[in-house]
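Data first, discussion second: the structure below is written as structure tokens.
A, B, ... follow the sequence lines: proteins, then strands. Residue 1 opens every chain.
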Number of protein chains: 2
Amino acid sequence: MSARGSSVTIKDVARRAGVSVASVSRALNGHESVTPETRQRILGIARELRYMPHGAARSLITRRTQTIGAVLPDLYGEFFSELIRGMDLAARRGGLHLLVSSSHGSADETAHALRALQGRVDGLLVMSPHADAGLLADNLPALVPTMLMNTRVDGDYASLNVDNYAGAYAMVGHLVARGFRRIALVAGPAQNFDAEERRRGYEQALRDLLPDAVPFVVDGDFTEAAGDRAARAIRESAPDVDAIFAANDAMAVGCLFALNELGLRVPRDVALVGFDDIPMARYTTPPLTTVRVRIADLGERAMARLIARIEQPDHADAGAEVLACELVVRQSCASDGTG
Amino acid sequence: MSARGSSVTIKDVARRAGVSVASVSRALNGHESVTPETRQRILGIARELRYMPHGAARSLITRRTQTIGAVLPDLYGEFFSELIRGMDLAARRGGLHLLVSSSHGSADETAHALRALQGRVDGLLVMSPHADAGLLADNLPALVPTMLMNTRVDGDYASLNVDNYAGAYAMVGHLVARGFRRIALVAGPAQNFDAEERRRGYEQALRDLLPDAVPFVVDGDFTEAAGDRAARAIRESAPDVDAIFAANDAMAVGCLFALNELGLRVPRDVALVGFDDIPMARYTTPPLTTVRVRIADLGERAMARLIARIEQPDHADAGAEVLACELVVRQSCASDGTG
DNA sequence: CTGAAAGCGCTTACAG
DNA sequence: CTGAAAGCGCTTACAG
């Protein structure tokens with residue numbers, strides 16, 4: 001309770017309790033070998049003094065920080081919000097703290113974050129859709145359990161990937177089945193693994209299902225503003241497009257906005273679909289048909305697997321897990337406006 | 001490069017360089033008192049060995065963790081996404097890590113988080129709109145610099161608050177000026193400081209500007225689903241309402257969805273406004289009139305002030321800062337559908 | 001059941 | 001400019 005300076009340490013508690021610091025440590029950590037009376041006295045004094053063990057000191061000796069580091073490409077928008085929420089849920093369940101770090105889409109910053117987190121975390125969750133294998137090999141701390149998410153993997157890392165290819169393929173299949181014939185894709189950022197896989201699914205589905213159709217891809221970067229621009233560009237250059245497939249929901253929201261401004265009705269004049277199923281997707285007008293990723297589950301699952309790896313290094317499953325996506329059909333792509 | 005076991009420490013670098021650990025420490029930390037040649041040799045070997053200082057050990061002696069803890073009420077939605085993004089920006093600029101923690105709206109969890117973060121962080125950013133002063137007094141670590149955000153403050157904490165009252169008041173003023181006379185409020189969660197202040201602004205403005213009007217408040221909880229329900233309830237019980245003021249944008253999005261489903265046009269049949277100006281607000285149809293909070297700036301500013309307090313404890317400005325809001329008029333509340 | 005002591009990996013006066 | 005040594009606050013064999 002002193003006004004300034006050092007906070008109360010285990011020594012203070014020991015002194016007040018008339019025992020050794022070893023006993024205080026044992027009592028606080030729930031070791032059996034302390035008499036109930038001693039334990040009670042120690043706990044009482046610790047509470048009274050508002051004693052909190054010093055995290056760094058404990059980490060130094062236990063080699064555990066009780067912290068997981070998450071290196072994400074960005075922190076903007078509902079996708080990352082949901083992802084972090086899922087990670088937080090699982091971390092909290094495991095009694096762990098969550099350190100977040102954004103690389104702003106830059107490989108250099110990813111490398112920096114990876115190195116800076118070394119020694120501060122018990123495990124690493126890395127989503128780095130723009131990273132190449134070399135970057136990871138060079139900067140992933142060898143001794144820190146790591147889970148890769150939505151990242152191009154070549155080594156035998158433990159990983160969790162969304163089945164972007166299958167999701168995009170299925171979406172195109174759905175559009176074709178509904179009678180759409182001129183389907184444009186608003187792509188995600190270049191070099192981005194998710195974006196590339198979604199594009200690959202779109203292109204392959206087109207080849208398989210509409211052999212005569214020419215793929216029509218407009219650049220985007222996963223932001224609402226990009227969707228806005230893309231929709232206008234599509235209407236300008238190819239008014240015959242009857243369905244727009246935005247590579248993520250944020251861009252679909254931007255497309256929807258632009259189409260409305262252009263006086264076009266979705267889905268009557270043009271169908272619109274997205275990818276991710278962010279919470280907002282069901283609240284647009286019309287509600288958005290999209291590919292559900294279960295973003296929070298993704299974060300939760302990745303965190304849970306990482307924790308398991310940390311706690312049971314022997315059972316270490318270094319497998320590459322792929323999360324299936326699910327088509328969610330809402331009103332934004334009713335066939336020819338009849339739905 | 002050994003395959004297993006302990007990572008490389010300062011001792012390994014010292015041995016390889018043929019110097020003492022003190023010199024390695026000095027070289028790595030950029031102290032003047034090392035000859036350029038020695039420094040170069042040490043740095044070279046450190047790089048070669050991929051040496052990274054052990055964070056916990058360094059923290060133990062320097063009493064700095066290079067980490068800021070953010071205790072937030074929730075992690076759901078664009079508001080917190082933007083807030084975290086702003087915090088991350090300022091933290092990164094200061095070379096600090098960001099530890100996030102959600103209290104899920106519970107006072108107990110807030111208390112727990114506050115205590116658990118002790119000794120792990122150099123400073124604390126606490127947004128706890130549901131907390132009372134007692135909880136903070138009981139659980140805020142006395143020696144850790146802290147900034148409160150959007151929190152009911154009584155003590156002399158350093159704080160940053162959004163001017164919710166003035167923002168809500170101004171919004172009602174705008175609606176009244178536009179000719180709306182029956183204005184319903186979809187409120188935020190009970191006990192929530194932001195929600196209460198916004199409601200207070202609404203009620204006072206009504207008393208001042210429309211003395212004959214009876215306040216009409218519908219319960220909400222800041223989620224889209226609550227907005228959806230509230231709008232339906234309003235239409236059901238009071239079809240004469242000509243403007244709906246949702247206490248945040250997420251609820252406004254839910255209202256917009258419900259109104260559309262009910263076959264009502266915004267703003268022709270009923271005006272709709274929100275609060276926060278989340279990124280999505282400009283992409284709804286019609287774009288949402290709202291109160292701009294500059295959420296990312298809020299997080300950035302809070303972090304910057306906190307860092308300043310940590311670095312210059314003497315200049316410690318413990319002031320209560322209030323961030324002004326700004327009315328953003330878009331098309332969702334054109335007067336009587338003429339705009 | 002309990003305590004004295006070593007040690008985790010650093011940094012920093014203190015000497016030289 | 002450089003090194004030996006102390007010490008940060010804990011935990012954990014090792015004795016007793």
Side-chain angles (χ1 to χ4, degrees), chain A residues 2 5-43 45-46 49-67 116 118-122 141 143-144, chain B residues 2 5-43 45-46 49-67 116 118-122 141 143-144:
Chain A
S2 69
S6 61
S7 54
V8 20
T9 75
I10 196 171
K11 274 189 188 166
D12 301 311
V13 180
R15 194 176 311 124
R16 276 278 294 265
V19 297
S20 70
V21 295
S23 289
V24 176
S25 174
R26 292 193 189 100
L28 260 28
N29 290 314
H31 289 211
E32 282 307 316
S33 59
V34 187
T35 55
E37 304 84 67
T38 314
R39 177 189 309 284
Q40 286 316 316
R41 186 155 41 87
I42 291 173
L43 292 183
I45 288 171
L49 259 37
R50 291 231 218 153
Y51 169 70
M52 283 296 293
H54 191 281
R58 179 176 265 176
S59 291
L60 188 55
I61 189 89
T62 61
R63 326 255 58 180
R64 286 287 300 266
T65 61
Q66 309 292 1
T67 302
Q118 177 134 230
R120 307 184 163 279
V121 299
D122 295 338
L143 288 62
V144 180
Chain B
S2 70
S6 61
S7 53
V8 20
T9 75
I10 196 171
K11 272 187 188 168
D12 301 311
V13 180
R15 193 175 313 124
R16 278 280 292 267
V19 298
S20 70
V21 295
S23 289
V24 176
S25 174
R26 292 193 189 101
L28 259 28
N29 291 314
H31 289 211
E32 282 307 316
S33 58
V34 186
T35 55
E37 304 84 68
T38 314
R39 177 190 309 284
Q40 286 317 316
R41 186 156 40 87
I42 292 173
L43 292 183
I45 288 171
L49 259 35
R50 290 233 219 150
Y51 168 70
M52 283 295 293
H54 191 282
R58 179 177 264 174
S59 292
L60 188 55
I61 189 88
T62 61
R63 324 256 59 178
R64 287 287 300 266
T65 61
Q66 310 291 3
T67 302
Q118 177 135 229
R120 306 185 164 280
V121 298
D122 295 337
L143 288 62
V144 180

Problem set entry | Nucleotide nearest B:Leu60 (side chain, heavy atoms from C-beta), chosen from D:dT2, D:dC10, D:dC8 | D:dC8
For this session: Please assess B:Ile10 against B:Ser25 for the test side chain to side chain contact (heavy atoms under 4.5 Å, CB included), listing each intermediate value before the final yes or no.
Result: CA-CA 8 Å; B:Ile10 196 171; B:Ser25 174; 3.9 Å; yes
Problem set entry | Touch class at under 4.0 angstrom, heavy-atom based, for A:Thr35 against every strand present | sugar-phosphate
Exercise. Of all the nucleotides listed (D:dA4, D:dC8, C:dC10), which has the minimum atom distance to the side chain of B:Thr9?
Worked result: C:dC10
Exercise. Under 4.0 Å between a side-chain N or O of A:Arg39 and OP1 or OP2 of C:dC1?
Worked result: no
Seminar exercise, completed: In B:Ile42, B:Thr38, B:Leu43, the residue satisfying side-chain contact (heavy atoms from CB on, under 4.5 Å) with B:Val24 is B:Ile42
Seminar exercise, completed: Between the CD1 atom in A:Ile45 and the CG atom in A:Asp12, the distance rounded to the nearest 0.5 Å is 11.0 Å
Exercise. Is there a donor-acceptor contact under 3.5 Å linking the side chains of A:Arg63 and B:His54?
Worked result: yes
Problem set entry | Between P of C:dG7 and NE2 of B:His54, the distance in whole Å | 18 Å
Problem set entry | Straight-line distance of A:Ser59 OG to A:Arg120 CZ, nearest 0.5 Å | 10.5 Å
Exercise. What is the distance from CZ of B:Arg120 to C1' of D:dG9, rounded to the nearest Å?
Worked result: 14 Å
Exercise. Between atom CZ in B:Arg15 and atom C1' in C:dG9, what is the gap in whole Å?
Worked result: 13 Å
For this session: Grab the CD1-C1' distance between B:Ile42 and D:dG3 for me, whole Å please.
Result: 12 Å
Seminar exercise, completed: Read 5' to 3' with Watson-Crick or G-U pairs under 3.5 Å, [ ] for crossing pairs and | for partners on another strand, DNA chain C gives |||.||||||||.|||
For this session: Please report, rounded to the nearest Å, how far the P atom of D:dG3 is from the NZ atom of B:Lys11.
Result: 16 Å
Problem set entry | Gap separating the CZ atom of A:Arg64 from the OG1 atom of A:Thr62, nearest 0.5 angstrom | 7.5 Å
Exercise. How would you label the contact of A:Thr38 with the nucleic acid (heavy atoms, under 4.0 Å): base, sugar-phosphate, or nothing?
Worked result: sugar-phosphate
Exercise. If you measure from CD on B:Gln66 to CZ on B:Arg58, what distance do you get to the nearest 0.5 Å?
Worked result: 7.5 Å
Exercise. NZ/A:Lys11 to CZ/A:Arg15 distance, rounded to the nearest 0.5 angstrom?
Worked result: 7.5 Å
Exercise. OP1, OP2 of D:dG3 versus side-chain N and O of B:Ser20: anything below 4.0 Å?
Worked result: yes
Exercise. What is the per-nucleotide protein-contact pattern of nucleotides 11-16 of chain D, from the 5' end, where B denotes a base atom under 4.0 Å from a protein heavy atom, S denotes such proximity for sugar-phosphate atoms only, and - denotes neither?
Worked result: SBB---
Seminar exercise, completed: So CG of B:Leu49 and OG1 of B:Thr9: to nearest 0.5 Å the spacing works out to 9.5 Å
